[in-house]
Amino acid sequence: MELYHSLPFFCFLLGKCLKKGLRGKGFVLLIKLACTVVASFLLCWLPFFTEKDQTLQVLRRLFPVDRGLFEDKVANVWCSLSVFLKIKDILPRHIQIIISFCFTFLSLLPACIKLILQPSPKGFRFTLVTCALSFFLFSFQVHEKSILLVSLPVCLVLSEIPFMSTWFLLVSTFSMLPLLLKDDLLMPTVVTVMAFFIACATSFSIFEKTSEEELQLKSFSISVRKYLPCFTFLPRVIQHLCLMSIITMVLLTLMAVTLDPPQKFPDLFSVLVCFVSCLKFLFFLVYFNTVIMWDSKSGRHQKKIE
């Protein structure tokens, strides 16, 4: 599962080496890092290298491709798409693996390239979010709880973009609603979510931090206004989308708890929760990538002001 977070570490460290120059200190640093990674890898795998069957068994556990494209009702692209197109039945498994790999790789590639070319602590944190979210949305064999691997790096940027981070964490909890209901954890979830929301509203003043600057979208908006001068409504649109999102999540939760689904569609509420959550996660993927790609322009703009 830590593949969700591994690529940003690789790209950040590689970017640092390239920045120092591969003909000098950068090359020495690269060799040290490579040796450390290879040595750690060998030490971890050494107990399992004694027998071939044991090694293969560990690989099957790490990459459980036999379980299928996704696990149960999960709020990613493949599960949501299966409502309209039964990919599991149409395509053979090896094609499913290739397609999911390609989509995952292409969706995280822009942020990773940017981090290699311009390594920075801020870029590293945001790339952790986008890579983890790309893996959740497009990779092969995803479980509902895997969204927690995306929520973890989102917590690292909570103080930088409190409004969007709080919104994302609310959606990530909501996306696990079918699993929470199955385990009879609705009441603890409601209590903790309300406590978290109140804490964010009071500690980070999330409702007061919805300007272009606070949303980290000022550079993007300035670029768009060169071609569309009236493009000043983005913060208001995001506020309205957030409000609609919260209302939708509350209504779907109440429906899932109080109403019985139609006999023809016994998984109706679970599918709706996953589909709605997936759409929101795709929106967040676009948002976080936008913040990353326009970050350098923001830095140059601030330097000019100073």
Side-chain angles (χ1 to χ4, degrees), residues 8 11-12 15 19 77 103 106-134 136-138 150 153-172 200-201 203-249 276-306:
C11 295
F12 179 76
K19 199 171 182 180
V77 169
F103 272 88
L106 290 174
S107 64
L108 56 80
L109 189 60
C112 287
I113 292 176
K114 178 71 180 296
L115 186 59
I116 292 174
L117 298 177
Q118 298 178 358
S120 67
K122 178 184 176 182
F124 171 70
R125 291 191 296 272
F126 278 87
T127 305
L128 274 174
V129 176
T130 57
C131 284
L133 189 53
S134 295
F136 177 80
L137 285 171
F138 299 108
V150 190
V154 170
C155 292
L156 297 178
V157 299
L158 183 59
S159 60
E160 296 178 65
I161 45 169
F163 181 82
M164 297 299 289
S165 298
T166 301
W167 181 12
F168 179 90
L169 293 170
L170 292 175
V171 175
S172 64
C200 289
S203 301
F204 296 106
S205 303
I206 56 176
F207 298 112
E208 300 173 7
K209 297 184 177 181
T210 56
S211 63
E212 290 179 349
E213 293 88 347
E214 298 289 350
L215 295 173
Q216 306 278 337
L217 292 173
K218 186 173 183 180
S219 296
F220 170 74
S221 298
I222 291 173
S223 300
V224 175
R225 278 197 287 269
K226 292 178 182 178
Y227 309 97
L228 190 64
C230 62
F231 189 77
T232 59
F233 49 81
L234 188 56
R236 291 194 300 275
V237 170
I238 290 178
Q239 290 174 30
H240 292 152
L241 287 174
C242 179
L243 179 61
M244 292 171 57
S245 171
I246 292 175
I247 293 173
T248 304
M249 290 189 290
V276 169
S277 300
C278 179
L279 291 178
K280 295 171 185 177
F281 288 143
L282 287 170
F283 165 76
F284 282 114
L285 182 65
V286 173
Y287 166 76
F288 283 114
N289 271 291
T290 301
V291 173
I292 291 171
M293 301 311 292
W294 268 265
D295 181 48
S296 61
K297 293 185 179 182
S298 176
R300 290 198 295 267
H301 181 68
Q302 289 177 359
K303 288 180 181 178
K304 289 180 181 178
I305 294 175
E306 293 172 359

| field | Ser223, Ser219, Ser221 screened by side chain to side chain donor-acceptor pair (under 3.5 Å) with Trp294, the one that passes | value |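 Answer to the side chain to side chain donor-acceptor pair (under 3.5 Å) test with Trp294 among Ser223, Ser219, Ser221: Ser223.
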| Just wondering, more than 12 heavy atoms not from Lys209 lying within 6.0 Å of its NZ? |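 It does: Lys209 NZ has more than 12 such atoms within range.
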| field | Neighbour count >12 (heavy atoms, 6.0 Å) for atom CZ, Phe233 | value |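 Yes, enclosed.
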| task | Could you list all the side chain to side chain donor-acceptor pair (under 3.5 Å) pairs where at least one residue sits in residues 159-171, not counting sequence neighbours? | result |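 Those involving residues 159-171 are Arg125-Glu160, Trp167-Ser245.
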Is there a side-chain contact between [X] and [Y] (heavy atoms, below 4.5 Å)?
X      : Y      : value
Met164 : Glu214 : no
Val157 : Phe126 : yes
Phe284 : Val171 : yes
Phe288 : Ile161 : yes
Cys112 : Cys131 : yes

| task | Identify the heavy atoms of Asn289 and Ala111 that sit nearest to each other, and give their distance. | result |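 Minimum heavy-atom contact is OD1-CB, 3.8 Å.
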| query | What distance do Asp295 atom CG and Lys114 atom NZ have between them, rounded to the nearest 0.5 Å? | reply |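 Reported to 0.5 Å precision, the distance equals 5.5 Å.
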| said: If the condition is side-chain hydrogen bond (donor to acceptor under 3.5 Å, both in side chains), which residues does Ser211 pass it with, not counting sequence neighbours? | reply: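 side-chain hydrogen bond (donor to acceptor under 3.5 Å, both in side chains) check on Ser211 returns Glu213.
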| request: For Glu208, check salt bridge (charged side-chain N to carboxylate O under 4.0 Å, His left out) against everything at least two apart and list the hits. | output: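 Per chain and number, Glu208 pairs via salt bridge (charged side-chain N to carboxylate O under 4.0 Å, His left out) with no residue.
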| task | Assert yes or no for the condition that the ring centre distance of Phe283 to Phe281 is strictly below 6.0 Å. | result |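 Phe283 vs Phe281: aromatic centres not under 6.0 Å.
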| field | Passing option when Thr130 is tested against Ile292, Leu115, Val291 for side-chain contact (heavy atoms from CB on, under 4.5 Å) | value |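 Among Ile292, Leu115, Val291, the one meeting side-chain contact (heavy atoms from CB on, under 4.5 Å) with Thr130 is Ile292.
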| Residue pair Ser107, Leu137: steps toward the side-chain contact (heavy atoms from CB on, under 4.5 Å) verdict | CA-CA 9 Å; Ser107 64; Leu137 285 171; over 6 Å; no
